[in-house]
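Input: a single structure, listed below in structure tokens.
The sequence lines fix the lettering, A, B, ..., with proteins before strands; numbering per chain opens at 1. What you see below is based on every heavy atom in this structure, not just the backbone, and it leaves out hydrogens, waters and symmetry mates.
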Amino acid sequence: MTSPEFLASLLAWYEANKRDLPWRRTSDPYAIWVSEIMLQQTTVATVIPFWHKWMERFPTVESLATADEQEVLGHWQGLGYYSRARNLQKGARQVVEEGLPTSAEGWKQIPGIGDYTSGAIASIAQGLPVPLVDGNVERVYSRLMADFSVGQTLKKNAWDWAKQTLAKDRPGDWNQALMELGATVCTPQSPQCHACPVQWACRARERGQIDQLPQKAPKREWKHLSHQAWLIVSDGKLLIEQVPKGEWWEGLWQVPRAINSESGTEELSARTHAVRAEELLTINHVVTHHKISLTLYRAIPSEKTPIHSAKTWEEVLAMPLSAPQRKILTRHRSSLFGID
DNA sequence: AATGCGGGGTA
DNA sequence: TACCCAGCATT
């Protein structure tokens with residue numbers, strides 16, 4: 001498996017078939033770092049436009065380190081998992097203080113960087129001989145070696161294999177070749193085995209078990225959540241608030257929201273000094289293993305309602321909002337004014 | 001080892 | 001709806 005033929009076949013295939021991704025046109029460790037963080041649990045196609053906009057606004061570690069957090073979150077809006085953005089800025093500040101890490105272990109000390117990302121930056125941006133395992137590598141490994149294990153066991157086996165297999169003279173290309181194979185040929189559904197440069201080395205293909213690998217872990221149960229949000233309009237402006245620290249969507253903005261219950265209604269009433277009126281619409285939002293039902297109500301402000309902090313529709317929609325808030329506000333506005 | 005994170009595109 | 005994406009941090 002670690003034969004010279006195996007390494008040479010995959011590397012040659014990579015050279016001839018690699019996608020032209022924007023972060024492959026730079027060797028700037030910061031630019032590659034940004035791409036790797038964005039690519040955590042996020043597809044390449046989604047990331048590309050965000051990466052361009054980010055690099056335009058925050059072209060250097062210094063520019064990110066000194067940026068306003070609201071602007072950082074704003075540029076992340078739509079990518080999700082916002083702790084990635086907060087950690088990226090923390091990391092930028094750390095690097096400005098201490099300099100760039102010079103090893104995978106060093107990168108791992110930076111918030112938001114774990115086993116995969118430290119290996120990726122060290123090997124791709126710095127040419128260091130360290131392995132990596134992501135979802136692609138795990139799948140490629142499980143098929144090549146016909147490993148039917150699941151979860152942590154599969155992950156550990158894949159790491160052991162990646163360490164042994166690593167092409168130490170070209171670690172960055174090798175790691176990307178493995179991931180590229182998984183992303184474009186050895187795909188989860190309908191893998192293109194006939195186009196695979198190492199099909200001759202694949203035990204799952206030899207045994208006709210490609211469709212059974214990798215083995216899936218049992219899926220988790222859905223958790224159902226019900227939230228309510230209040231649309232408090234005064235003089236054409238909406239009352240909004242920043243999500244407090246420790247809550248979901250911390251640091252983003254929202255129209256006042258609580259769980260959809262008696263106590264939630266009381267809480268919102270106490271917080272906004274408004275009175276809940278008619279129901280406007282409900283949206284469903286799915287994230288990870290949660291199904292969130294969010295209902296928007298109109299609410300009537302009182303004299304004590306802090307309407308001085310209200311903002312126009314345009315201002316609100318320009319702020320960093322959580323996905324469900326953006327969805328429900330956009331949908332309601334279009335039903336009001338017939339615009340998107 | 002399991003879970004929280006609180007997204008999003010695609011078949 | 002199901003699947004899963006260049007995962008990480010916390011418990």
Whichever of Ser322(A) and Gln152(A) has its nearest DNA chain B nucleotide further upstream toward 5': Gln152(A)
Rounded to whole angstrom units, what separation is found between the CD atom of Gln40(A) and the C1' atom of dC5(C)? 11 Å
To the nearest Å, how far apart are Leu178(A) CG and dA6(C) P? 14 Å
Nearest-Å distance once atom P is located in both dG4(B) and dA6(C): 24 Å
Check Glu206(A) with Arg143(A), please: is the shortest side-chain N to carboxylate O separation under 4.0 Å? no
Does a donor on one side chain sit under 3.5 Å from an acceptor on the other, for His285(A) and Lys327(A)? yes
Take atom CD of Gln109(A) and atom P of dA9(C), then tell me their distance rounded to the nearest Å. 10 Å
How far does the P atom of dC8(C) sit from the matching atom of dG9(B), given to the nearest Å? 22 Å
Check ion pair Arg271(A)-Glu241(A) (N to O, under 4.0 angstrom): yes
Looking for any heavy atom pair under 4.0 Å, which part of the strands does Asn175(A) touch: base, sugar-phosphate only, or nothing? nothing
Nearest 0.5 angstrom please: Leu281(A) CG to Leu296(A) CG, how far? 5.5 Å
Using atom types as modelled, flag every donor-acceptor pair under 3.5 Å from a side chain in residues 123-137 of chain A to any protein atom, sequence neighbours excluded.
from      : atom 1 : to        : atom 2 : distance (Å)
Ser123(A) : OG     : Gly119(A) : O      : 2.7
Ser123(A) : OG     : Ala120(A) : O      : 3.3
Ser123(A) : OG     : Asn175(A) : ND2    : 3.0
Gln126(A) : OE1    : Trp107(A) : NE1    : 2.9
Gln126(A) : NE2    : Pro101(A) : O      : 2.9
Asp134(A) : OD1    : Asn136(A) : N      : 3.1
Asp134(A) : OD1    : Val137(A) : N      : 2.9
Asp134(A) : OD2    : Asn136(A) : ND2    : 3.1
Asn136(A) : OD1    : Arg139(A) : NH2    : 2.8
Asn136(A) : OD1    : Ala183(A) : N      : 3.4

Aromatic ring proximity Trp230(A)/Tyr297(A), centre distance under 6.0 Å: no
Counting the benzene-type ring for Trp, do Phe50(A) and Trp54(A) have ring centres under 6.0 Å apart? no
When you measure from every atom of DNA chain B, which of residues 22-34 of chain A have a heavy atom less than 4.0 Å away? none
Do NZ/NE/NH1/NH2 and the carboxylate oxygens of Arg24(A) and Asp20(A) come within less than 4.0 Å? no
Are there any protein N/O atoms within less than 3.5 Å of an N/O atom in nucleotides 8-11 of chain B, and if so, which ones and at what distance?
from   : atom 1 : to       : atom 2 : distance (Å)
dG8(B) : OP1    : Gly78(A) : O      : 2.7

Strictly below 4.0 Å: does Thr117(A) bring a side-chain N or O up to OP1 or OP2 of dC8(C)? yes
Write down the distance between NZ (Lys155(A)) and C1' (dC5(C)), rounded to a whole number of angstrom. 12 Å
Looking across every strand, which nucleic acid part, if any, lies under 4.0 Å from Leu21(A) by heavy atom: base, sugar-phosphate, or nothing? base
Which comes earlier along DNA chain C counting from the 5' end, the contact point of Ile113(A) or that of Ile124(A), where each point is its nearest nucleotide? Ile124(A)
Taking CG from Asn87(A) and P from dA9(C), how many angstroms apart are they, rounded to a whole number? 7 Å
dC4(C) phosphate, OP1 or OP2: any side-chain N/O from Gln189(A) under 4.0 angstrom? yes
Just how far, in rounded Å, is P of dG6(B) from CG of Leu73(A)? 11 Å
Ion pair check, Lys18(A) and Glu180(A), cut-off under 4.0 Å: no
Check Arg57(A) with Glu71(A), please: is the shortest side-chain N to carboxylate O separation under 4.0 Å? yes
Answer yes or no: does a side-chain N or O of Arg326(A) lie under 4.0 Å from OP1 or OP2 of dG7(B)? no
N/O (side chain, Lys291(A)) to phosphate O (OP1/OP2, dG6(B)) under 4.0 Å: no
What nucleic acid atoms does Val137(A) come within less than 4.0 Å of, heavy atoms only: base, sugar-phosphate, or nothing? nothing
Whole-Å distance separating the CD atom of Glu250(A) from the P atom of dG7(B): 13 Å
Here the distance between atom P of dC5(C) and atom CZ of Arg19(A), to the nearest Å, is 12 Å
